[in-house]
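Data block below; observations after.
Order of the sequence lines fixes the chain letters, A, B, ..., with proteins taken first and strands second; residue numbering starts at 1 for each chain.
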Protein chains: 2
Amino acid sequence: MHRLDAKGIDENAVATISEIAARAGVSVATVSRTFSHPHLVRSKTRDKVRAAIDEFGYRPNAIARNLRRQRTETVIVIVPQIQNTFFSGIIHGIEAVAHDRGYKVLLGETRGDQVRIDHYADLISTRTAEGLILLGSLLPTAVRSAMRDGAPLPIPLVLACERFEGLACPTVAIDNVAASKTAVAHLVAQGCKRIAMISGPKGNTLSEDRLAGYRAALAEAGLPRDPACEAHGDFSIETGHAAMRALLALVERPDGLFCASDEMAMGAREAIRAAGLRVPQDIAIVGFDDIRFAAFMEPPLTTMRQPAKEIGETAMQLMIDHLEGDPAACPHRVFASDLIVRQSTLR
Amino acid sequence: MHRLDAKGIDENAVATISEIAARAGVSVATVSRTFSHPHLVRSKTRDKVRAAIDEFGYRPNAIARNLRRQRTETVIVIVPQIQNTFFSGIIHGIEAVAHDRGYKVLLGETRGDQVRIDHYADLISTRTAEGLILLGSLLPTAVRSAMRDGAPLPIPLVLACERFEGLACPTVAIDNVAASKTAVAHLVAQGCKRIAMISGPKGNTLSEDRLAGYRAALAEAGLPRDPACEAHGDFSIETGHAAMRALLALVERPDGLFCASDEMAMGAREAIRAAGLRVPQDIAIVGFDDIRFAAFMEPPLTTMRQPAKEIGETAMQLMIDHLEGDPAACPHRVFASDLIVRQSTLR
DNA sequence: CCACGATCTGTAACGGTTTACACCTCGGGT
DNA sequence: ACCCGAGGTGTAAACCGTTACAGATCGTGG
């Protein structure tokens with residue numbers, strides 16, 4: 001299939017190493033060495049091999065090489081949804097480092113589906129990929145049971161942007177508690193007295209951390225905490241919109257809002273507009289992530305910037321260190337996140 | 001590395017087929033058949049094999065299987081930039097179909113770099129991947145030279161969203177000429193007399209098609225065409241902003257704007273705001289793509305919707321048909337694109 | 001002219017699976 | 001008693017590289 005054309009001469013199929021060896025009048029070992037360890041081959045011999053290769057178009061078969069070397073130099077990146085701008089920023093960073101270091105990136109999208117995540121994690125057991133970079137808050141079943149049993153991790157794993165209690169593996173993230181505290185303190189400084197939050201899904205460490213930061217900031221400012229002001233979404237525009245409508249229905253309307261993602265802030269902003277209220281005069285908003293579109297909202301959105309690309313780059317770097325270096329090492333990289341102040345909080 | 005723990009007992013390493021065969025007291029062929037052709041194995045024998053597998057945790061080595069089968073069931077998707085919302089929508093669709101059909105998706109980002117695109121295309125020659133889905137407007141050098149020589153395509157290729165004159169390969173796209181014509185006709189219907197366009201990069205078929213549609217609509221409406229009103233960007237917010245600033249500096253200011261991407265429309269909208277003008281009263285805007293954020297712009301953006309997910313799904317479908325079916329077939333799928341009318345053009 | 005080391009090259013094992021082919025067993029028909 | 005076919009199973013040859021090891025070649029110093 002797709003290998004032989006009508007004349008039986010294969011234009012596409014690459015010659016094998018033994019054909020090249022025969023054409024060049026050397027052994028397969030020499031051809032192999034010409035690629036992998038050229039310094040072991042006399043330059044005259046190399047030229048013979050190169051000539052044969054130029055003539056017959058040899059490209060070494062990566063599958064055979066992988067089998068022999070027991071390596072694929074491939075990592076799989078599991079992401080809840082590729083369309084999320086923050087995640088695609090991380091993937092951008094991952095791909096950059098992977099490419100530079102000669103690794104390949106397999107992409108798996110989960111959409112919150114445990115079956116899909118396990119399917120992709122299985123690619124490690126079957127040796128299709130060597131390691132797993134996890135962007136979401138869902139863990140493969142195999143990892144979960146290892147955690148429960150206190151067993152070592154069954155697969156090389158790096159967490160980007162999420163952390164799990166009791167899971168010892170390389171992690172890169174920001175300090176979500178501190179970041180949220182800063183964000184909410186900014187709202188306090190702008191004079192907000194009743195600050196609501198739309199966080200991520202319950203039970204998700206990242207969401208809990210951001211919620212904790214929010215609460216800490218309120219406490220520090222001496223503002224009362226009202227459970228009715230704590231809403232949850234799934235980081236999407238739609239859930240931000242819905243959550244804000246609920247918050248607007250409260251008898252005591254909030255005058256400040258902190259969202260755990262810019263997308264939710266976008267949805268919330270729309271709900272506020274629909275209610276005939278103004279941002280920031282009636283309600284000031286702080287988002288999270290600083291996605292590309294935050295600066296182009298109306299008004300431009302104040303937000304906690306996460307260095308998505310750097311997070312991705314670091315995650316891939318940690319993965320390579322893990323695969324090529326000491327697999328017992330378990331570094332944690334924490335990035336700073338900056339508050340980007342724009343008009344949505346300036347009143 | 002990472003294979004043996006302190007006791008020399010390997011928790012992670014999967015047993016090989018021959019170990020399982022020995023444990024189960026059968027031959028390797030039988031173990032293999034238990035996986036691939038269970039109906040060829042007596043159920044009692046299957047149970048023995050299953051028991052051994054359960055006990056020792058065997059997972060077949062995909063590399064060895066791939067080598068033997070001469071298949072990897074992997075396609076590589078080359079995208080100019082993963083962060084572009086339209087592209088990530090397509091990838092979303094590609095991944096969905098790939099997962100359902102048992103294929104894997106390798107991700108390659110080019111950022112307009114010919115070296116990177118060739119690097120990724122090379123994964124086909126080395127048999128790492130079986131086919132290439134191309135999202136951008138850059139072609140691998142190997143494909144380009146085949147085109148020039150009139151030779152058959154050197155690799156299984158599917159184009160999503162871009163087409164090339166004289167390149168016969170499965171393609172999925174929309175009718176950019178017609179879509180642009182519709183978009184610009186809408187501006188005409190809204191009473192715009194001087195309509196500018198910010199298109200994509202020059203020399204790009206997609207850009208040219210959209211420009212052609214724009215010109216056709218002007219001609220049909222009897223409006224004069226002014227080369228000064230034809231600007232170019234690279235689909236990004238920033239270039240949209242820059243292009244709009246130039247358009248605003250014209251002595252005769254446009255009163256309508258058609259952008260070849262929503263992102264550029266976003267940048268343009270910002271430039272218009274900065275100039276103290278109103279949308280749509282002073283300048284009406286139509287974008288392209290209908291990315292998730294278009295509906296949340298201020299005012300919400302009228303735009304040509306492209307069915308990104310469906311385009312991706314179809315591209316992957318065509319790729320599988322090409323790999324598993326008739327490689328000579330060269331279907332072209334053209335999707336409808338709908339004009340989504342929002343406030344940015346309603347005056 | 002020989003010994004010796006350095007440099008280069010070849011042979012063959014190996015990685016782990018799939019599958020063509022051969023073989024064996026067993027039941028049923030003649 | 002014999003043949004035949006169906007159903008199961010095993011053997012071994014692929015698939016295509018890499019690399020340990022052995023062997024060949026070459027240059028140099030004695």
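B:K48 places its NZ atom 11 Å from the C1' atom of D:dG8, with the value rounded to the nearest Å. Atom C1' of nucleotide C:dG15 and atom CD of A:Q70 are separated by 6 Å, given to the nearest angstrom. For the pair B:H39 NE2 and D:dA6 C1', the computed distance is 13 Å after rounding to whole Å. One interatomic measurement links the two molecules: CG of B:L67 to P of D:dA14, which rounds to 14 Å at whole-angstrom precision. Spacing between atom CZ of A:R71 and atom P of D:dG17 amounts to 19 Å, rounded to whole angstrom units. Rounded to a whole Å, the NZ atom of A:K44 is 11 Å from the P atom of D:dC26. Distance, B:L40 CG to D:dG8 C1': 9 Å, rounded to whole Å. One can place CG of B:N66 at 16 Å from P of D:dC15, the figure rounded to the nearest angstrom.
Checking B:A64 against B:V41, the closest nucleotide of DNA chain D that is more toward the 5' end is the one next to B:V41.
Considering only heavy atoms from C-beta on, B:T314 comes within 4.5 Å of B:F335 through its side chain.
If you check D:dG10, D:dG17, C:dT19 against the side chain of A:N61, the one that comes closest is D:dG17. Residue B:R69 places its side chain closer to C:dT18 than to any other of C:dG10, C:dT18, D:dT18.
Salt bridge A:K104/A:E95: absent, no basic N to carboxylate O contact under 4.0 Å. The pair A:R101-A:E324 meets the salt-bridge criterion, since a charged nitrogen lies less than 4.0 angstrom from a carboxylate oxygen.
Residue B:I90 forms a side chain to side chain contact (heavy atoms under 4.5 Å, CB included) with just one option from B:N84, B:I311, B:V77, and that option is B:I311.
In terms of polar N and O atoms assigned as donor or acceptor, the side chain of A:R33 comes within less than 3.5 Å of the base of C:dG10 in a complementary pairing. Between the base of C:dG15 and the side chain of A:R127 there is no donor-acceptor pair shorter than 3.5 Å. A donor N or O paired with an acceptor N or O is not found under 3.5 Å between the base of C:dT17 and the side-chain atoms of B:R68.
Between B:S27 and D:dT11 there is no side-chain polar atom (N or O) within less than 4.0 angstrom of OP1 or OP2. For the OP1/OP2 pair of C:dG16 and a distance below 4.0 Å, the side-chain nitrogens and oxygens of B:T16 include no atom meeting the criterion. At C:dG10, one or more side-chain N or O atoms of A:T30 fall inside 4.0 Å of OP1 or OP2 (strictly under the cut-off). Between A:S32 and D:dG17, a side-chain N or O to OP1/OP2 separation shorter than 4.0 Å is absent. For A:R42, no side-chain nitrogen or oxygen approaches OP1 or OP2 of C:dC8 to under 4.0 Å.
Between A:P156 and A:E130, the shortest heavy-atom contact is CG-O, 3.1 Å.
In this structure, A:S18 reaches neither bases nor backbone, as no heavy-atom distance under 4.0 Å exists between it and the strands shown. If you check every strand for non-hydrogen atoms under 4.0 Å, A:V31 touches nothing.
No more than 12 heavy atoms of other residues, nucleotides or ligands shown are found within 6.0 angstrom of CZ on B:R23.
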